[in-house]
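Got a structure for you, questions after.
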Amino acid sequence: MDARAGWLGRAKRQLYADLRDDPYLRYILLAALVLAGFWFWHRVPSFATWDEYDRVLDALVTYGSVIADPSFEGLRRGVTWSREPFGATLWVYLLAVLPVVLVAAVTGQLDAITAIGTPSRAYGYYEVWAATPRWIWTWSLVFVRLTNVIFAVVTVYLVYRLGARLKGRATGRLAAVLLTVTFGFLKLAKEGGEDIPAMMCFVAALYFLVGYLQTGERRQFYAGSAVGGLAIAFKLTLGLVVPVIALAFLLRARGEDGPLRRALWQPRLLVGGAALGAVVILVGFPSSLVGDFDALFARWFGKTNRLENAIGPTAPTWWWFLRTYASGFGWPLLIAAMGALVASIAHLVRLAPSRATLRERVPGFDERAMLVASLVLYLLFFSRWHDWRVHHISPTFPLVAVLLADTLDRLRTNRQTVGRAVMAVVVVSSAIYAGVGAGMYASMPRDEATEWLNENAEEDATMEVYYHAFFENAIPHGMDLNTPLEPDGSPERDPCPEYIQVGDKELLYLQDIPDSQRSTYVNFAPEPRAEYIRALLEGEYNYEIVAEFGERPPNFVPHRPEPGSLRDLVPLGINPHSDQYGDEQELASDQYVAILRLEGECVESRPVHW
C-alpha cells in the first residue's frame with residue numbers, strides 16, 4: 001500500500017499545501033519554535049518540576065531494569081516502577097532518552113544506567129540524581145524538552161488547521177498566533193511532561209470531529225475517537241473528550257435525512273469508535289501491557305480526591321480562575337477570551353435553528369456549538385476543584401485561541417476598524433507578555449545561585465537545604481547535602497554545614513497570615529519554623545549571607561496575593577511569572593535565593609525544624 005494514501009501521506013500533503021498557499025504560516029511556526037524553545041535547557045542537569053523528573057526517571061529506570069535483567073520480568077519491574085502509571089508519556093520519553101542509552105552502551109557506561117535501580121524517593125530522589133553522571137541527566141533533559149518543543153509547534157499547526165477548517169485560513173492564522181503568544185502554553189513547552197503531548201492529541205481530535213460534522217465521513221469520527229483516546233492516555237483530565245465525541249455524534253445525527261431514531265441508531269459507528277478509543281487508551285498505558293492492572297485501575301478510578309485536595313489556600317472559585325488564567329494569559333488576552341466566550345454563545349443563539357427547522361443544518365452552527373460546549377464543560381469541571389494551576393487548565397488554551405480568533409474575525413468583518421484595533425491590541429500585548437516571560441528563562445536566580453556555588457563552594461562542602469525537593473533549590477550536581485529528615489529518621493545530618501540555603505519558600509513562613517492562607521507545603525509548624533528562619537537570617541547561629549540572587553523581599557517577607565482579593569491579582573497578569581501554589585517552575589521573585597556561610601563557631605544546638 002502506498003504510504004501517501006494513508007493518514008501520514010495526507011497529513012504531509014496538507015502541510016506542504018498550507019505552507020505553499022499561506023505565506024504567513026511558516027513565520028507563525030518559526031515564532032512558535034523560537035518562543036517555545038528559547039532557553040529550553042534552563043536548570044539542566046536539574047529539573048523544572050516533579051512531573052518532569054518523574055517522567056524522565058521512569059524511562060531511565062525502565063531501561064536500567066531491562067538491561068540488568070533482559071526478560072519479561074525485568075521489563076515488568078521497570079515499567080511498573082513509578083510514582084504513578086502515567087501512561088503514554090513513558091512511550092514518548094523512552095524514545096527521547098534512547099540516544100543517551102545508546103551512547104552509554106557505545107562508551108561502556110551502561111552500568112551508570114543499571115545503577116539507577118529502584119531509586120529512593122528521599123528528597124525528590126536526590127541520591128540517584130547525585131550519583132548518576134551529569135551528562136546522562138543533561139542530555140536526557142535536552143532530548144525530552146526538545147521533543148516537547150516539537151509537540152508544541154505541531155499543536156500550533158493543528159490549531160491553524162482547526163481554525164481553517166472552521167472558517168478559513170485567516171481564522172486559522174489568528175488562532176495559531178494567539179496560541180503562540182499564550183505564556184502558559186510556552187511555559188509548559190519548556191518542561192518535560194504530558195501536558196503538551198495531550199494538548200496536541202486533543203486538538204487533533206477536535207480537528208477530526210469538526211471534519212466529521214462537516215462531511216459525515218465515518219473515518220473522521222474514528223480518527224477523532226482514536227486520537228481522543230490517545231489524549232486520555234497522556235492525561236486523564238482529557239477524559240472529557242468522550243462527551244465531546246458524543247456531542248459531535250448527536251449534532252451530526254440531528255441533521256441527517258430520515259427519521260431521527262434511525263439517524264441515532266448507528267451501533268457500528270458508536271461501538272467502533274468507542275472500541276477504538278478504548279484500545280488506544282489501554283495500549284497507551286504501558287502498565288496494562290505488562291499485566292499491572294491493579295495500579296492501572298487505581299490510577300483511572302482512584303483519583304477522585306483531586307476535587308477536594310487542597311494545595312493552595314481556600315478561596316472562591318472565581319479567584320482561582322482569574323489567578324490562574326491571568327498568570328497564564330495576561331490581562332488583555334484573558335479579557336478578550338472572556339468576551340469571546342460570551343460573544344460565541346450569543347452568536348450560537350442567533351444561528352440556532354428554530355423548533356420548526358430543528359433538523360436543518362445551519363452552516364457553522366454545529367462546529368461552533370461543539371467547541372463552545374467543550375470549553376464550558378472544562379470550565380465547569382475545574383470549578384469543582386479546590387484549587388488548580390496552569391498545567392491543569394492547559395486543554396482550554398487551544399479552545400480559547402480558536403473561539404477568540406473566530407470572534408475577532410467576525411468583529412473585523414462587521415466593524416473593520418474596531419476589529420483590527422482590538423486584534424492588534426490583543427496580539428501585540430500578549431506577544432510582549434509572552435516574550436518577556438520566555439526571556440526570563442535566560443536569567444533565573446536559582447540557576448545563577450547554582451553557578452555561584454559551582455564556582456565558589458569547596459568540593460567537599462556541605463549545604464543545608466529545606467524545601468520539598470532538591471530541584472526546588474539551587475544545588476550543584478553531586479554536592480553533599482543536609483536534607484529534611486525523612487519519616488524513617490535518615491540520613492544523619494552534619495550539625496555544622498558550611499552553607500545553608502534559604503529561598504522564597506522558607507521565607508513564606510515569615511508571613512503573618514492565617515494558616516488557611518498558606519499552601520499545604522508551608523503550613524507545617526509555621527511558628528517555630530518562622531522563628532528559626534528569622535534567627536538564622538539575623539546571624540544568631542553564626543551564619544551570614546554571602547550571596548543573594550533575585551530581588552530580596554522587604555524585610556525578607558514575600559508578598560502573595562491575599563486569597564479572594566481582586567486587587568492583589570492585578571500584577572499577576574501584568575508581570576509574567578508563575579506565582580502558583582505547588583508549582584515548582586516559578587519565575588520572578590519566587591526564585592529568590594540567599595546563600596549563608598558559617599563564619600564563626602558552630603552552634604550544634606541549632607533548632608532546625610525540618
Side-chain angles (χ1 to χ4, degrees), residues 7-8 11 51-52 54-59 61-62 75-76 78-98 144 147-148 150-152 154-155 158 188-189 191-209 221-246 248 271-304 306 374 377-378 381 391-398:
W7 285 105
L8 182 59
D51 285 353
E52 181 174 72
D54 281 337
R55 308 314 184 261
V56 174
L57 194 55
D58 284 351
V61 166
T62 300
L75 175 64
R76 189 177 192 277
V79 167
T80 57
W81 180 90
S82 182
R83 182 163 60 92
E84 296 278 2
F86 283 109
T89 314
L90 179 58
W91 294 123
V92 173
Y93 293 158
L94 281 172
L95 291 174
V97 304
L98 179 59
V144 161
T147 300
N148 227 40
I150 292 171
F151 281 139
V154 173
T155 303
L158 288 173
L188 294 173
E191 65 172 87
E194 64 272 8
D195 298 290
I196 295 296
M199 187 191 301
M200 181 189 73
C201 294
F202 180 54
V203 177
L206 293 174
Y207 175 72
F208 288 125
L209 291 174
F221 184 84
Y222 290 139
S225 299
V227 181
L230 186 57
I232 297 172
F234 274 113
K235 191 176 178 72
L236 288 182
T237 51
L238 267 298
L240 292 180
V241 75
V242 174
V244 174
I245 294 172
V271 173
L276 192 58
V279 169
V280 172
I281 294 172
L282 198 63
V283 173
F285 277 83
S287 303
S288 67
L289 301 185
V290 295
D292 188 12
F293 293 106
D294 290 341
L296 193 64
F297 291 148
R299 172 69 175 165
W300 287 352
F301 306 113
K303 285 294 178 181
T304 58
R306 187 60 188 86
S374 301
L377 184 63
Y378 266 103
F381 173 70
H391 73 95
H392 293 132
I393 62 172
S394 60
T396 66
F397 295 170

Can you tell me how far OG of Ser374 sits from CG of Leu240, rounded to the nearest 0.5 angstrom?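 Rounded to the nearest 0.5 Å, the CG-OG separation comes out at 9.0 Å.
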Please report the closest heavy-atom contact between Ile245 and Gly224, naming both atoms and the distance. CD1-O, 4.0 Å
Evaluate the criterion side chain to side chain contact (heavy atoms under 4.5 Å, CB included) for residue pair Val242 and Ile232; output intermediate values, then yes/no. CA-CA 9 Å; Val242 174; Ile232 297 172; 3.9 Å; yes
Main-chain N/O of Leu94 paired to Asp58 side chain as donor or acceptor, under 3.5 Å: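 Here the side-chain-to-backbone pair does not exist.
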Heavy-atom side-chain proximity of Phe397 to Thr155 below 4.5 angstrom: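 Side-chain contact under 4.5 Å: no.
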To the nearest 0.5 Å, what is the distance between CG (Leu90) and CZ (Phe234)? 10.5 Å
Within the structure provided, determine whether Leu238 and Tyr378 are in side-chain contact (heavy-atom separation under 4.5 Å).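 They are in contact (side-chain heavy atoms under 4.5 Å apart), so the answer is yes.
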Donor-acceptor pair, distance only, cut-off 3.5 Å: does the side chain of Tyr93 make one with the backbone of Ala88?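 Not a single qualifying donor-acceptor pair exists.
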For Val92, run the side-chain contact (heavy atoms from CB on, under 4.5 Å) check against Thr147, Asn148, Val144 and tell me which one passes.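 Option passing the side-chain contact (heavy atoms from CB on, under 4.5 Å) with Val92: Thr147.
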Atom OG1 of Thr62 and atom CG of Leu75: how far apart are they, to the nearest 0.5 Å?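 Thr62 OG1 to Leu75 CG: 7.5 Å, rounded to 0.5 Å.
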For a quick test of your reading: what N or O donor-acceptor pairs under 3.5 Å do the side chains of residues 278-290 make, sequence neighbours left out?
from   : atom 1 : to     : atom 2 : distance (Å)
Ser288 : OG     : Leu282 : O      : 2.4
Ser288 : OG     : Phe285 : O      : 2.7

Got a list of side-chain donor-acceptor pairs under 3.5 Å for residues 193-201, not counting sequence neighbours?
from   : atom 1 : to     : atom 2 : distance (Å)
Glu194 : OE1    : Arg55  : NE     : 2.9
Glu194 : OE1    : Arg55  : NH2    : 2.8
Glu194 : OE2    : Arg55  : NH2    : 3.0
Asp195 : OD1    : Lys235 : NZ     : 2.6

Taking the side chain as C-beta and beyond, is there a heavy-atom pair between Val227 and Phe202 under 4.5 Å? no
Looking only at non-hydrogen atoms, find the nearest pair between Phe221 and Gly273 and report the distance. CE2-CA, 4.2 Å
